[in-house]
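One structure below.
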Amino acid sequence: MEELSGFYKLSAEERLKKIKKIANLTDDEAQIISDTGALKLELADRMVENVIGAIHLPLGIATNFVINGKEFLIPMALEEPSVIAAACKAAKQTLPQGFKADADSPVMIGQIQVVDIPDIGRAKKELEQKRSEIMKLAEKCLEPHAKWGIKPLGFNVRELSDMLLVEFDVNVSDAMGANMVNSTLEGVAPAIEEYTGGKVRLRILTNLAVKRKARATAVWKKEVVGEDVIAGVLDGYKLAKSDIYRCATHNKGIMNGIDAVMLATGNDWRAVEAGAHAFAAMNGYKPLTHYEKNKNGDLVGTIEMPLVSATVGGAVNTSPTAKITLKISGVKSSAELAMAAVCVGLANNFAALAALSTVGIQKGHMKLHAKNIAVLVGAKTPEEIDAVANELDKLNDFSSENAKKILDRLRVA
Ligand code: MEV
């Protein structure tokens, strides 16, 4: 971590050089990461349909994350300024303890919908009697993946008005699991039709992956962040709990961080988004985080939510950058990636509440904006950029004319 102090002040090239060294990247890997056109047209064309190009997002590294005593460099890809800086700052304020986190076993739930059942009671009994045959079928579907610990764990039958839902639990190991779960459901569906006498319609996993949750907690000490920030975060949290309009934005701030980690590592961030909001809405839409004071008056923040992430399979395999970002992160399993992601989500939420309830977020945004203007008018070195940005901020005049004047003055001096 010491090696990364002042990381944000370096140029992008210098930062990559540091990360290359720490994460042991090869020259080729570093080259791919720095090549903002790394996704070549032929590969993009094999990933999705009707391809005409690729779009790019900045990739940054969140520093200061100590999770369960281990340091992580967390890759984040997004277009929004301040999110990475906010995560780094909030994480720094948890040190030296950092975050405690854990994640469930990677169990996904897949649903089979059965309709037009002549006798629901009899169908349920029949499914119970044929349980071991059905499980054997499901195991057969997943046999090719069994060596990685991927296997069906069991199924439940749920009655929903005039339908039955047959819901399978599948341990998908370090994969996201959608293809494996969906293929298994399609594989057993004919048998389900036979045993129920009904018609199978939908066969698909649920993104409300309640059996694959991740959670994290961190303490922000009053000596570090100040009592007013703690009171402000608690007031902000109170509002999110009582008002759905605020709660949507509260949770959006959490997902700013989590989605960015998912995107950077080639994961299905829409699946994580869907799971997060459905989970938040299970008992009336609520914040995904929770805050309270401990007996010392410090702030304890926690987060718990479904977090479906993969370190193998899908775009993790095809994307030229995902394998490298995972290598940089140092995560060893999908569970560890899920833990890292929820820690970032919690950090971003704390940072947002801390800023919103005190100085506001525009100050930080304008600072970054000021740096962009400084570059725009020709500031070159980090010192020059900082000096122009600071002056713009001080004068509260962010026009490019003003920036140009400041830069000219600086260069003469
Ligand atoms: C902006 O992308 C995210 C915030 O609005 C989150 C929040 O309000 O808590 C700052």
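We count ligands from 1, going down the list as the structure has it; atoms in each ligand are counted the same way.
Residue pairs that meet the ring pair (Phe, Tyr, Trp, His ring centres under 6.0 Å) test with at least one member in residues 12-32, sequence neighbours left out, do not exist here. Every pair passing ring pair (Phe, Tyr, Trp, His ring centres under 6.0 Å) that includes a residue from residues 46-87 is listed here, sequence neighbours excluded: Phe65-Phe99. For residues 147-183, every residue pair satisfying the ring pair (Phe, Tyr, Trp, His ring centres under 6.0 Å) rule, not counting sequence neighbours, is listed here: Phe155-Phe168.
Glu273 contributes no side-chain N or O that, together with a main-chain N or O of Trp269, makes up a donor-acceptor pair within less than 3.5 Å. A distance-only check finds a donor-acceptor pair linking the side chain of Glu193 to the backbone of Val200 [under 3.5 Å].
Residues Leu78 and Leu57 approach most closely at C-CD2, 4.1 Å, considering heavy atoms.
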Ligand 1 N/O to protein N/O, distances under 3.5 Å:
unit_1	atom_1	unit_2	atom_2	d
ligand 1	2 (O)	Glu80	OE1	3.2
ligand 1	2 (O)	Glu80	OE2	2.6
ligand 1	2 (O)	Lys252	NZ	2.7
ligand 1	2 (O)	Asn256	ND2	2.9
ligand 1	8 (O)	Arg246	NH1	2.8
ligand 1	8 (O)	Arg246	NH2	3.4
ligand 1	9 (O)	Arg246	NH2	2.7

